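Some notes on the structure that comes next.
Treat the numbers as computed from the prediction; the structure is a model and nothing was measured. The basis for the numbers below is simple: all heavy atoms, side chains too, and nothing from hydrogens, waters or symmetry mates. Below, chains carry the letters A, B, ... as their sequence lines are ordered, and counting in each starts from 1.
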2 protein chains.
Amino acid sequence: MPHHIPAAPPSSPPSGTIEPCPMVSFVNLVSGKWAIPILYRLIVIGVAVRFSELQRAIAPITQKELTRQLRLFERRGLVRRQVYAEVPPRVEYQITALGQSLRPTLDSLADWMRTHGEALAGDD
Amino acid sequence: MPHHIPAAPPSSPPSGTIEPCPMVSFVNLVSGKWAIPILYRLIVIGVAVRFSELQRAIAPITQKELTRQLRLFERRGLVRRQVYAEVPPRVEYQITALGQSLRPTLDSLADWMRTHGEALAGDD
DNA sequence: CTGCATCCACACGGATACTG
DNA sequence: CAGTATCCGTGTGGATGCAG
């Protein structure tokens, strides 16, 4: 998403802490051109994988985008990053339990899309 | 979402028709700053509502964005647009059955977010 | 090998003015 | 009232070069 959905709570109370819409927060979490491809690939793989291995699996993603998105997921606790002090450097990424817990929800998205997707007129 | 997820199928076969990832397609569908607020509002309301009424309900959305997003949903068959030849002009929008069918899926997103959302570190 | 820094194109989304 | 047209700031994401 584009820009990225700064989260605008519909009809917010006059004052105090505003509570962001969970659905909007969710979409924010998995927005971005490569978010789902990366996340789902890590979920399916399950075990730790090297950066370059991941990049080949999700080609043609750029290093910049892969790094950026992985760091975002890491901050969210969806992905764990393991750095090995070696030469050449080795960095491995693995989905966390929290990340894995997303699977059923993501599958339900896919299910709806597969079921009703063909009814959708313009796919752009 | 960031600019908007042009849909890049991971690991595409050498030739023939490429099949887009359903999850990516789904996120594309509900990406954009105001997509979810508009869609869910229409789902909850259920009946036809006037443009201005909708705009007030989802404030502070601009006319431009509301129009653009509604037209997108219309093309996808999620929203029906009814124009009345009157003065002053009256245009009403209503969620379709296809749009309503999204509700359980959207609710499951919200459920996951409410359940695991607090575990997520950075909310930016 | 990993990933940061830089430059850049462009699409999203806001503000405003104008039309039927 | 509903919608279009225009201008513009800014985020996103690609390409490339460089560093540890």
Check every atom of [options] against the side chain of [X] and return the nucleotide holding the closest atom.
{"X": "A:V91", "options": "C:dT2, D:dG14, D:dA2", "result": "C:dT2"}
{"X": "A:R71", "options": "C:dG3, D:dG3, D:dG13", "result": "C:dG3"}
{"X": "A:R50", "options": "D:dG14, C:dC1, D:dG3", "result": "C:dC1"}
{"X": "B:K64", "options": "D:dG3, C:dG20, C:dG14", "result": "C:dG14"}
{"X": "B:S52", "options": "D:dC1, D:dG14, C:dC4", "result": "D:dC1"}
{"X": "B:W34", "options": "D:dA2, C:dG3, C:dG14", "result": "C:dG14"}

Between the side chains of B:R103 and B:Y40, does any donor sit under 3.5 Å from an acceptor?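 On atom types as modelled, these side chains qualify, holding a pair under 3.5 Å.
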Residue met sooner reading DNA chain D from 5', once A:T62 and B:Y93 are mapped to nucleotides: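 Its nucleotide being nearer the 5' end, the pick is B:Y93.
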If you assign each of A:P89 and A:R68 to its closest nucleotide in DNA chain D, which residue comes earlier from the 5' end?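 Looking at DNA chain D, the more 5' nearest nucleotide goes with A:R68.
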[X] [atom1] - [N] [atom2] separation (whole Å):
{"X": "B:I58", "N": "D:dA2", "atom1": "CD1", "atom2": "P", "value": "13 Å"}
{"X": "A:L66", "N": "C:dG3", "atom1": "CG", "atom2": "P", "value": "9 Å"}
{"X": "B:Q69", "N": "C:dC12", "atom1": "CD", "atom2": "C1'", "value": "11 Å"}
{"X": "B:Q55", "N": "D:dA2", "atom1": "CD", "atom2": "C1'", "value": "10 Å"}
{"X": "A:L70", "N": "C:dC4", "atom1": "CG", "atom2": "P", "value": "11 Å"}
{"X": "A:Q82", "N": "C:dT2", "atom1": "CD", "atom2": "P", "value": "14 Å"}
{"X": "B:R81", "N": "D:dA2", "atom1": "CZ", "atom2": "C1'", "value": "8 Å"}
{"X": "B:Q63", "N": "C:dT16", "atom1": "CD", "atom2": "C1'", "value": "11 Å"}

State whether B:E92 and B:R90 are salt-bridged, where the test is any N-O pair (Lys NZ or Arg NE/NH1/NH2 against Asp/Glu carboxylate O) under 4.0 Å.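 Yes.
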May I ask you to decide if B:I43's main-chain N or O and B:Q100's side chain share a donor-acceptor pair within less than 3.5 Å? yes
Would the distance check show the side chain of B:Q55 and the main-chain N or O of B:I61 forming a donor-acceptor pair, the cut-off being under 3.5 Å? yes
Parallel, tilted or perpendicular: ring planes of A:F51 versus A:Y93, cut at 30 and 60 degrees: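 Tilted, since the angle between the ring planes falls between 30° and 60°.
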When we call it a touch if two heavy atoms are under 4.0 Å apart, what does A:Y84 touch: a base, just sugar-phosphate, or nothing? nothing
